[in-house]
Amino acid sequence: MSSVPHRKTWRKSKKAVKVTRSYPTFPSLNAWEEFRGLLPVDGEPNPGVGLGVEEGLLCQMVHSAEFNLFPDSVVFESNFVQVKKGKNWIDIYKASNTMALGVTSSVPCLPLPNILLMARVKWHQGQSQTWNRPSTAPNIILKRILPLKFVELQVYDRLQRILRLRTVTEKIYYLRLHPDHPETVFHFWIRLVQILQKGLSITTKDPRILVTHCLVPKNTCSPSGDSKFVQKKLQASQPSESLMQLMAKGESEALSQIFADLHQHNQFSYKFSSRSSKKTETKKNISEKDTPREDGIPCTRDLSWRNSFTYGEWERENPSGPQPLSLLSTLAASTGLQLAPLVGNSI
Amino acid sequence: MTYAYLFKYIIIGDTGVGKSCLLLQFTDKRFQPVHDLTIGVEFGARMVNIDGKQIKLQIWDTAGQESFRSITRSYYRGAAGALLVYDITRRETFNHLTSWLEDARQHSSSNMVIMLIGNKSDLESRRDVKREEGEAFAREHGLIFMETSAKTACNVEEAFINTAKEIYRKIQQGLFDVHNEANGIKIGPQQCISTSVGSIASQRNSGDVESNSGCC
């Protein structure tokens with residue numbers, strides 16, 4: 001089924017992410033060799049933490065007692081600066097305001113994350129903005145939790161390290177990776193975008209792989225595969241447990257209805273266009289159309305791009321649950337597996 | 001900022017009734033006229049002062065669209081309070097209350113305090129649901145009721161704060177087990193309980209407002 005050895009799931013572990021040297025490396029990642037040299041052995045610090053992409057502020061917040069969300073799932077995160085396109089890219093907010101963007105998994109046993117987290121971070125003057133554990137905590141406010149299925153992530157400007165985040169309701173954000181992050185981190189995001197689009201060979205997202213059974217038991221996902229365990233968890237008092245389970249259940253149901261509902265909504269006049277015609281849109285046109293406001297565009301017309309997700313082949317084996325994205329180790333380890341050529345500015 | 005308790009709220013109701021606008025008015029004191037469909041959850045938070053205690057309201061603003069309904073259900077658990085919102089100018093949003101209430105009852109703690117809100121009270125000329133009907137529905141189902149306007153801010157503070165008062169009253173009566181997170185209540189850091197009373201009451205984000213200000 002897979003050309004790679006067994007991998008851990010998107011489960012939080014105190015142990016460092018383990019990536020064996022047998023994995024091909026990411027050819028264009030200059031820093032990767034150096035990064036691999038930092039690969040941890042038990043008891044050593046996790047390089048993901050050092051890069052500011054694991055156990056960061058966002059992770060600490062959603063795992064805190066205040067939210068207690070997805071407590072067993074790792075969070076892959078980075079700091080971004082929200083920008084808008086003028087003649088050049090312009091920062092929307094003051095330098096002390098950044099956005100923490102992260103992905104995690106509602107159900108830790110899933111091989112891929114399915115949740116996007118967005119938070120606003122206000123830093124103290126002169127403070128390093130990628131510190132995981134700054135001596136003085138910045139003010140971080142969780143703003144949104146979005147199922148990844150309702151989000152399209154693109155690498156919009158590779159040189160400027162800008163991602164374009166577009167929700168199913170056409171909110172659009174242009175996010176520039178914070179300059180304090182090393183280039184390696186942006187390559188992780190590039191890889192994440194690729195995986196979101198194409199999946200990994202170990203998941204049913206990859207249409208080349210015919211899987212005749214569901215890899216993730218419907219609504220009863222547990223690390224041990226024991227449904228009793230899950231049932232017990234569901235009855236437990238942890239709010240996030242039910243959130244995980246119910247979100248998994250709800251997503252595909254929502255997707256199956258969303259387009260009809262959205263298009264029927266008489267307050268809006270969505271225009272339909274085929275996905276192919278969408279693809280022919282030039283980036284210039286996109287940028288003209290998508291002038292972001294404070295948080296992006298509230299509503300526009302074309303939601304047809306999501307239809308392909310609704311009926312995507314990768315969903316077919318698990319109609320009642322998400323097929324979310326990968327753990328950092330998977331991201332890192334798989335970078336050379338089915339590497340599509342890195343696409344210029346947009347994927 | 002420190003707090004004695006954290007209450008989780010959830011805002012539910014049909015799409016377009018003004019859930020996000022209510023949240024924005026409460027947290028930022030501003031009104032956003034452009035309808036911006038919510039997906040997933042959007043969060044807001046504010047400190048209020050109830051009976052001398054600093055209480056943090058963690059507010060989960062959910063998607064009202066039917067398409068997202070099944071996902072919205074996953075957010076009920078662990079909520080101490082719910083704002084169930086309808087639009088007084090759209091009868092169908094009132095007609096759907098029973099369905100929302102069923103969801104809320106099914107997926108949340110039985111002690112959850114539910115505030116029924118008839119929003120858009122500034123649009124009196126377009127009223128489609130009488131105030132008495134809202135009151136009757138609330139009485140029948142054991143809810144608190146208010147009419148609000150997110151646009152003019154009328155009764156918005158009251159709606160959030162009166163819900164908090166009712167939750168706090170239940171805590172004092174022992175109806176809420178504050179140590180059970182499933183009830184949507186968390187105790188703040190110990191040191192804050194002793195320091196939160198009094199001095200913070202006058203801060204901007206603290207609001208111990210009078211009930212029934214009557215602006216609507």
Side-chain angles (χ1 to χ4, degrees), chain A residues 64-69 106 115-119 139 141-151 167-171 234-262 264-268 293-299, chain B residues 1 3 6 8 10 14-16 20 24 27-28 30 32-46 56 58-80 90 103 106-109 177 179-189:
Chain A
S64 70
E66 194 163 313
F67 284 96
N68 191 26
L69 290 167
S106 58
I115 299 291
L116 183 78
L117 304 163
M118 297 171 78
N139 182 20
I141 302 167
L142 183 62
K143 298 300 288 183
R144 293 183 183 83
I145 294 181
L146 301 171
L148 269 172
K149 279 190 176 181
F150 299 144
V151 173
T167 71
V168 71
T169 53
E170 292 289 331
K171 268 188 173 178
L234 260 177
Q235 290 164 355
S237 63
Q238 287 203 10
S240 53
E241 289 296 334
S242 79
L243 183 62
M244 295 168 188
Q245 302 293 333
L246 284 163
M247 282 190 75
K249 183 182 174 187
E251 269 184 20
S252 61
E253 197 179 323
L255 274 169
S256 66
Q257 297 175 31
I258 183 169
F259 304 106
D261 269 23
L262 282 171
Q264 280 169 6
H265 207 272
N266 56 15
Q267 285 178 269
F268 305 102
R293 300 178 315 137
E294 184 185 358
D295 270 344
I297 292 178
C299 242
Chain B
M1 193 181 289
Y3 53 85
L6 181 146
K8 174 183 167 180
I10 182 168
D14 274 10
T15 183
S20 302
L24 194 65
T27 57
D28 291 18
R30 61 189 173 96
Q32 169 65 274
V34 179
H35 185 226
D36 200 354
L37 286 175
T38 305
I39 55 172
V41 189
E42 305 222 352
F43 293 94
R46 212 187 106 173
K56 183 171 186 177
Q58 182 192 84
I59 306 155
W60 296 44
D61 175 28
T62 65
Q65 239 175 359
E66 183 61 31
S67 324
F68 298 104
R69 188 75 175 266
S70 52
I71 290 179
T72 300
R73 288 187 189 107
S74 60
Y75 307 129
Y76 287 99
R77 187 172 289 227
R90 286 163 58 210
D103 273 3
Q106 187 179 347
H107 296 285
S108 64
S109 156
D177 175 6
H179 299 290
N180 182 354
E181 286 189 6
N183 283 327
I185 297 166
K186 293 183 177 77
I187 302 174

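Only a predicted model underlies this, so the values are computations on that prediction, with no experimental measurement involved. The sequence lines fix the lettering, A, B, ..., with proteins before strands; numbering per chain opens at 1.
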Give, for atom CG of B:Asp61 and atom NZ of A:Lys143, the distance between the pair rounded to the nearest 0.5 Å. 10.5 Å

Mind checking whether A:Glu66 and B:Gln58 have side chains closer than 4.5 Å, heavy atoms only? yes

CD of B:Gln65 to OG1 of A:Thr169: how many Å apart, nearest 0.5 Å? 9.0 Å

Taking every non-hydrogen atom, the tightest pair across A:Pro147 and B:Gly40: CD-CA, 3.9 Å

Between the NZ atom in B:Lys186 and the CG atom in A:Asn68, the distance rounded to the nearest 0.5 Å is 6.5 Å

Rounded to the nearest 0.5 Å, what separation is found between the CD1 atom of B:Ile39 and the CD1 atom of A:Ile145? 12.5 Å

Taking the six-membered ring for Trp, are B:Phe43 and A:Phe67 parallel (under 30°), tilted (30 to 60°) or perpendicular (over 60°)? perpendicular

Salt bridge (Lys or Arg N to Asp or Glu O under 4.0 Å) with B:Asp14: which residues, sequence neighbours excluded? none

